[in-house]
A.B. asks: 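Mind having a look at this structure? Questions to follow.
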Amino acid sequence: MFSNEIARLRTLGVQGLLFQALNLLTVVSSGLMMWKGLCLVTNSESPIVVVLSGSMEPAFYRGDILFLTNPADVPYEIGDITVYKIPGADIPIVHRVIESHISNTTQLLLTKGDNNPGDDITLYNGIEWIERQHIIGKVRGFLPYIGYVTIAMNDFPQLKYALLGGVGLVMLIQQET
């Protein structure tokens, strides 16, 4: 099935294989640099997230991709949809601000999922309010259902490894013209 590609790889020699590996590393490092640049521009540790639950329906559905910004000097307002992460929790939460209090220089927020019956105090792990340090960003835009690819790769790790292996194989056997 791959006999032609394997034969072509043998004819490349060590120098050709190293050149293809260098191309692969260039693509990966370029992607990482673009991600870090996007983090700097948006002032967010994760400027793109995927909705993992139905707690924000009908505003956002599971699998939607959200684009975030985290403006440093702009306070969050009631009605803003934020993504926050509580210390000790692994997964960020996408919920709407329902209360906001400013004390001295600190803004305290209370959030709630649109599809949830109550506020998020039980999700805060003993913290009464969310502070700015917990917020990853404010939702600025979204793409519906595109994030299901990410959810599928997390639910089925074999799919992730097969996809990464396929991309790596294509990069190695790709011929420069």
A.B. asks: Decide whether V51 and L143 are clustered together by the hydrophobic rule: side chain heavy atoms of Ile, Leu, Val, Met, Phe, Trp, Tyr closer than 4.5 Å, transitively.
C.D. replies: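 As far as the 4.5 Å side-chain criterion goes, L143 and V51 are not connected within one cluster.
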
A.B. asks: Under 3.5 Å, is there a donor-acceptor pair between the side chain of N115 and the main chain of G54?
C.D. replies: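 Checking the backbone N and O of G54 against the side chain of N115, a donor-acceptor pair under 3.5 Å is found.
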
A.B. asks: Considering only heavy atoms from C-beta outward, does the side chain of T26 approach that of S30 to under 4.5 Å?
C.D. replies: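 Side chain of T26 against side chain of S30, heavy atoms only: contact under 4.5 Å found.
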
A.B. asks: Please check if atom CD in E128 has more than 12 non-hydrogen atoms from other residues, nucleotides or ligands closer than 6.0 Å.
C.D. replies: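 Counting neighbours around CD of E128, 12 or fewer heavy atoms of other residues, nucleotides or ligands fall under 6.0 Å, so no.
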
A.B. asks: If every non-hydrogen atom of S103 is compared with every non-hydrogen atom of L108, which pair is closest and at what distance?
C.D. replies: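 Reported closest heavy-atom pair: OG-CD1, 4.2 Å.
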
A.B. asks: Let me confirm one number: the OG1-CZ distance from T82 to R132, rounded to the nearest 0.5 Å.
C.D. replies: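 These two atoms lie 10.5 Å from each other.
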
A.B. asks: Could you tell me which non-hydrogen atom of Y84 sits nearest to which non-hydrogen atom of L123, and how far apart they are?
C.D. replies: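 The answer is OH-CD1, 4.0 Å.
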
A.B. asks: List the steps, then state whether side chain to side chain contact (heavy atoms under 4.5 Å, CB included) holds for S46 with V49.
C.D. replies: CA-CA 7 Å; S46 183; V49 296; 3.6 Å; yes

A.B. asks: In this structure, would I151 and I48 fall into the same cluster of hydrophobic residues linked by side-chain contacts under 4.5 Å?
C.D. replies: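 Yes, same cluster.
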
A.B. asks: So how far is it from N23 CG to L18 CG, rounded to the nearest 0.5 Å?
C.D. replies: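 That separation rounds to 11.5 Å.
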
A.B. asks: Nearest 0.5 Å, please: how far is CD1 in I135 from CG in N70?
C.D. replies: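 N70 atom CG to I135 atom CD1 measures 7.0 Å (nearest 0.5 Å).
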
A.B. asks: Tell me the closest heavy-atom pair linking N125 and P87, and the distance in Å.
C.D. replies: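 Nearest pair, atom of N125 first, then P87: ND2-O, 3.8 Å.
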
A.B. asks: Pick out which of H95, R140, M56 makes a side-chain contact (heavy atoms from CB on, under 4.5 Å) with I81.
C.D. replies: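 So, applying the side-chain contact (heavy atoms from CB on, under 4.5 Å) to I81 and each of H95, R140, M56, only M56 qualifies.
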
A.B. asks: Specify the closest pair of heavy atoms between P92 and I136, including all atoms of both residues, with the distance to one decimal.
C.D. replies: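 In this case the closest contact between P92 and I136 is CB-CD1, 3.7 Å.
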
A.B. asks: What closest approach, in Å, do L68 and G137 show between heavy atoms, and which atom pair accounts for it?
C.D. replies: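 Of all heavy-atom pairs spanning L68 and G137, the closest is CB-CA, 4.2 Å.
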
A.B. asks: Between D155 (side chain only) and A152 (backbone N and O only), is there a donor and an acceptor less than 3.5 Å apart?
C.D. replies: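 No; judged by distance alone, with no hydrogens or angles, the pair does not exist.
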
A.B. asks: Identify whether L25 and L164 are in the same connected component of the hydrophobic contact network (ILVMFWY, side-chain heavy atoms under 4.5 Å).
C.D. replies: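 No, no single cluster joins them.
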
A.B. asks: Is L38 linked to V28 within one hydrophobic cluster, defined over Ile, Leu, Val, Met, Phe, Trp and Tyr using a side-chain heavy-atom separation of less than 4.5 Å?
C.D. replies: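 They do not share one cluster, since no chain of ILVMFWY contacts under 4.5 Å joins L38 to V28.
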
A.B. asks: Identify the heavy atoms of I102 and N104 that sit nearest to each other, and give their distance.
C.D. replies: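 It is CG2-O, 3.9 Å.
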
A.B. asks: Is there a path of hydrophobic side-chain contacts, each under 4.5 Å between heavy atoms of I/L/V/M/F/W/Y residues, joining V94 to F142?
C.D. replies: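 In one cluster with F142: V94, yes.
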
A.B. asks: Using side-chain heavy atoms (C-beta onward) and a distance below 4.5 Å, is L110 in contact with V97?
C.D. replies: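 A side-chain contact is absent here, since even the closest heavy-atom pair is not under 4.5 Å.
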
A.B. asks: Show me the donor-acceptor pairs, under 3.5 Å and distance only, between side chains in residues 57-64 and residues at least two apart or in other chains.
C.D. replies:
from : atom 1 : to   : atom 2 : distance (Å)
R62  : NE     : L52  : O      : 3.0
D64  : OD1    : Y145 : N      : 2.9
D64  : OD2    : Y61  : N      : 2.8

A.B. asks: Is any side-chain heavy atom of L66 closer than 4.5 Å to a side-chain heavy atom of V50?
C.D. replies: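 When only atoms from C-beta onward are counted, V50 and L66 do not touch, as no gap falls below 4.5 Å.
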
A.B. asks: So, the side chain of E45 versus the backbone of C39: is there a donor-acceptor pair under 3.5 Å, distance only?
C.D. replies: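 It does not hold such a pair.
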
A.B. asks: Do the side chains of D119 and K112 get close enough for a salt bridge, i.e. N-O under 4.0 angstrom?
C.D. replies: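 No.
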
A.B. asks: Do the charged groups of R96 and D114 touch, with an N to O distance under 4.0 Å?
C.D. replies: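 Looking at R96 and D114, the cut-off is met.
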
A.B. asks: Does CG belonging to L22 count more than 12 external heavy atoms closer than 6.0 Å?
C.D. replies: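 Check passes, neighbour count above 12.
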
A.B. asks: With side chain to side chain contact (heavy atoms under 4.5 Å, CB included) as the test, would you mind laying out the steps for E77 and S100 before giving the verdict?
C.D. replies: CA-CA 7 Å; E77 299 178 10; S100 173; over 6 Å; no

A.B. asks: Using a 4.5 Å cut-off between side-chain heavy atoms of Ile, Leu, Val, Met, Phe, Trp and Tyr, which other residues end up in the same hydrophobic cluster as M153?
C.D. replies: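 In the cluster with M153 are V149, F156, L159, L163.
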
A.B. asks: For Y76, which of L109, I130, T111 qualifies under side-chain contact (heavy atoms from CB on, under 4.5 Å)?
C.D. replies: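 Single pass found, and it is L109.
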
A.B. asks: Any side-chain heavy atom of Q158 sitting closer than 4.5 Å to one from K160?
C.D. replies: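 No. Closest side-chain heavy atoms not under 4.5 Å.
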
A.B. asks: List the steps and the verdict of side chain to side chain contact (heavy atoms under 4.5 Å, CB included) for E99 and W129.
C.D. replies: CA-CA 10 Å; E99 280 188 46; W129 300 90; 3.4 Å; yes

A.B. asks: Step by step, work out the side-chain hydrogen bond (donor to acceptor under 3.5 Å, both in side chains) result for E131 and T106.
C.D. replies: CA-CA 7 Å; E131 295 180 22; T106 305; 5.3 Å; no

